[in-house]
Participant: 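My questions all concern the structure below.
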Amino acid sequence: MKLNVLLGLQWGDEGKGKIVDVLAPKYDVIARFQGGPNAGHTLEFNKIKHVLHTIPSGVFRHETINIIGNGVVIDPVIFMKEIEELQELNVDLTKNLFISKRAHLILPSHRILDAASEAAKGKTKIGSTLKGIGPTYMDKTGRNGLRIGDIINPGFKEKYVSLTNKHKGLLKQYDFEYDLKEYEENWFKGIELIKSFRIIESEHEINNYIEEGKLILAEGAQGTLLDIDFGSYPFVTSSNTICAGACTGLGVAPNKIGSVIGIFKAYCTRVGSGPFPTELENEEGEILRKQGHEFGATTGRPRRCGWLDLPALKYAVMLNGVTELIITKADVLTGFDTIKVCTHYMLNGKKINYLPYEINELLEPVFKEFKGWKEDISKIDVYDQLPAEFKDYLNYVENEVKVPIKIISVGPDRKQTIFK
Ligand code: GDP
Ligand code: IMO
Ligand code: MG
């Protein structure tokens, strides 16, 4: 059996959490492979709305095993809060949530370094979620990091103190006030809690599952345009969010990857700084934000909104080898007289049809217009009943991207999902 990968094709928040929860009953295992609590994955069912940050979105399906893979970075304080919130909903994860020994720890001082670095950048800040993601991955690649496997070893506290002291030295270069004490106390409580879960060598476990014929879905965080290599650098996150990240973030060989399920919104959003060619800084953007409730699930920040960007979507499909598409938030487009899709860009007076290296320079979008629809589509559950105008839009995107759209999401709830 192969491992399927589900990931975001834009700047994150495409609705990965909702869709993983919808698909989870088909799978034995759901595994996160990169990112950390910068992610906010929202699930809704039975009028419950829940946001997950570190924990895979399979947790509300009791039969499913959930794995936090080696590519993930974990903040014990946020992890503990997530576990407590799930306990309040009577979700006990001690039996079906496993954590990789190789996953790296976000230290309290990583969070401070993130905040200090962003403050020092002023106007050029990345717009980080301030969860310590960048500094933690820096320590991982710099070979200084602390891993989950370390917490059960006797020298852990000393390692913690030594890395924290190193960070204190780095912080001297910033004019930044901080207090580690309170967070540190909770952090060590979180470490104790992590010890009550099964800490595993996830690469062995996952490959054994594949051998046994179990079905595994790898759940991406962030989105392709935030990838450290291929995103709009430096306005990116610090991990590989593309499909290849599932190989390194879980220890799964490329020939074990099956379907690559790419999720995109019917329009685009971005939270944080950086280029966004189709951004609408006008009333239409406001309408998208309002109708789509476009406020960050992790930080609450308003998300920037714009029309669908086809060259960027094609770029994401190429990098990930997407085999099937899922479109979300189509209901948000209801009511617009005209819907636009960016088909090309103008760069220095030249028309181009691909996302170039120069994304940080002024790319002027060229739009194609589509007739909108007025019918409420949020209660439709069969494809045939969708308005003709919306089907035209879907057919156009499918033909352009050359990958079939298999699922259409028309609302935040589990049930608001159309299988084509
Ligand atoms: P993720 O990070 O990719 O999991 O996405 P987020 O949870 O950060 O953001 C997606 C938001 O849109 C959440 O509030 C979801 O509840 C909501 N959502 C997901 N799918 C749909 C949809 O099809 N229609 C609408 N209106 N909302 C949706
Ligand atoms: P999910 O998984 C949207 C953005 C931040 C910032 C940049 C770097 O919910 O889709 P970081 O904290 O990683 O150093 O921030 O990346 N960002 C996200 N935007 N959704 C996310 O995750 C994001 N995770 C990080 O806003 O611009
Ligand atoms: Mg999100």
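Numbering starts at 1 and runs along the sequence shown. When a ligand or atom number is given, it counts from 1 through the structure's own listing order. Every heavy atom of this structure was used, including side-chain atoms; hydrogens, water molecules and symmetry mates were not.
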Participant: Quick one: nearest non-hydrogen protein atom to atom 16 (O) of ligand 2, plus distance?
Facilitator: Leu226 CD2, 3.7 Å
Participant: Can you tell me which residue and heavy atom of the protein come closest to atom 7 (O) of ligand 1, and the distance to 0.1 Å?
Facilitator: Thr42 OG1, 2.5 Å
Participant: Starting from atom 6 (P) of ligand 1, which protein heavy atom do you reach first, and at what distance in Å?
Facilitator: Gly40 O, 3.5 Å
Participant: Using a 6.0 Å distance limit plus a 45 degree cone around the ring axis, check whether Lys420 lies over the aromatic ring of Tyr383.
Facilitator: yes
Participant: In the protein, what heavy atom is nearest to atom 27 (O) of ligand 2, and what distance, to one decimal place, separates them?
Facilitator: Val271 O, 3.1 Å
Participant: Starting from atom 5 (C) of ligand 2, what is the nearest protein heavy atom, named by residue and atom, and what distance separates them?
Facilitator: Gly127 O, 3.5 Å
Participant: Side chain, backbone, both or neither: which part of Phe235 has a heavy atom under 4.0 Å from ligand 2?
Facilitator: neither
Participant: Which of the atoms in ligand 2, numbered in the order shown and given with their element, are less than 4.0 Å from a heavy-atom of Ala221?
Facilitator: 2 (O)
Participant: Please say whether Gly17 places an N or O atom under 3.5 Å from an N or O atom belonging to ligand 1.
Facilitator: yes
Participant: Got an N/O contact under 3.5 Å between Gly15 and ligand 1?
Facilitator: yes
Participant: Does Glu14 reach ligand 2 with a nitrogen or oxygen that is under 3.5 Å from one of the ligand's nitrogen or oxygen atoms?
Facilitator: no
Participant: For ligand 2, does Arg270 get within less than 4.0 Å through its side chain, its backbone, both, or neither, judged by non-hydrogen atoms?
Facilitator: neither
Participant: When you compare ligand 2 with Thr129, is there at least one nitrogen or oxygen pair between them that comes in under 3.5 angstrom?
Facilitator: yes
Participant: Considering only protein heavy atoms, which is closest to atom 24 (N) of ligand 1, and at what distance to one decimal place?
Facilitator: Asp331 OD1, 2.8 Å
Participant: Would you call Arg301 a ligand 2 contact, heavy-atom distance under 4.0 Å?
Facilitator: yes
Participant: Which residue and non-hydrogen atom of the protein lie closest to atom 16 (O) of ligand 1, and at what distance in Å?
Facilitator: Pro412 CB, 3.4 Å
Participant: Which atoms from ligand 2 have a heavy atom of Ala39 less than 4.0 Å away?
Facilitator: 1 (P), 2 (O), 9 (O), 22 (O)
Participant: If you count every heavy atom of other residues, nucleotides or ligands that lies below 6.0 Å from Lys391 atom NZ, does the total exceed 12?
Facilitator: yes
Participant: Tell me the contacting part of Val236 for ligand 2: side chain, backbone, both, or neither, using a 4.0 Å heavy-atom threshold, strictly below.
Facilitator: backbone
Participant: Quick one: does Gly35 get a heavy atom under 4.0 Å from ligand 2?
Facilitator: no
Participant: Could you find the nearest protein heavy atom to atom 20 (N) of ligand 2 and give me its residue, atom name and distance?
Facilitator: Asp13 OD1, 3.1 Å
Participant: List the closest protein heavy-atom neighbour of atom 9 (O) of ligand 1: residue, atom name, distance to the nearest 0.1 Å.
Facilitator: Arg303 NH2, 3.5 Å
Participant: Among protein heavy atoms, which sits nearest to atom 23 (C) of ligand 2, and what does the distance come to when rounded to 0.1 Å?
Facilitator: Gln222 CG, 3.6 Å
Participant: Could you identify the single nearest non-hydrogen protein atom to atom 15 (O) of ligand 2 and state the distance to 0.1 Å?
Facilitator: Ser128 CA, 3.4 Å
Participant: What residue and atom, counting heavy atoms only, is the protein's closest point to atom 12 (O) of ligand 1, and at what distance?
Facilitator: Lys329 NZ, 2.9 Å
Participant: Got the closest protein heavy atom to atom 10 (C) of ligand 1, with its distance?
Facilitator: Asp13 O, 3.7 Å
Participant: Nearest protein heavy atom to atom 23 (O) of ligand 1, by residue and atom, and its distance?
Facilitator: Ser409 OG, 2.5 Å
Participant: Output, by chain and residue number, all protein N/O/S atoms separated from the Mg ion (ligand 3) by less than 2.8 Å.
Facilitator: Asp13 OD1, Gly40 O
Participant: Please check whether Ile133 reaches ligand 2 - meaning an N/O of the residue sits under 3.5 Å from an N/O of the ligand, judged on distance alone.
Facilitator: no
Participant: Judging by distance only, is a nitrogen or oxygen of Ala330 under 3.5 angstrom from one on ligand 1?
Facilitator: no
Participant: For atom 13 (O) of ligand 2, find the nearest protein heavy atom and state the residue, atom name and distance (0.1 Å precision).
Facilitator: Thr237 OG1, 2.6 Å
Participant: Check for me whether Lys314 meets the cation-pi criterion with Tyr354, that is, NZ or CZ under 6.0 Å from the six-membered ring centre and within 45 degrees of the ring axis.
Facilitator: no
Participant: Show every donor-acceptor pair shorter than 3.5 Å between a side-chain atom in residues 356-367 and any protein atom, with sequence neighbours excluded, or say none if there are none.
Facilitator:
{"residue": "Asn360", "atom": "ND2", "partner": "Tyr233", "partner atom": "O", "Å": "2.9"}

Participant: Mind telling me whether Phe60 and His50 have parallel, tilted or perpendicular rings, with 30° and 60° as the class edges?
Facilitator: perpendicular
Participant: Report yes if Lys131 has an N/O atom closer than 3.5 Å to an N/O atom of ligand 2; otherwise report no.
Facilitator: no
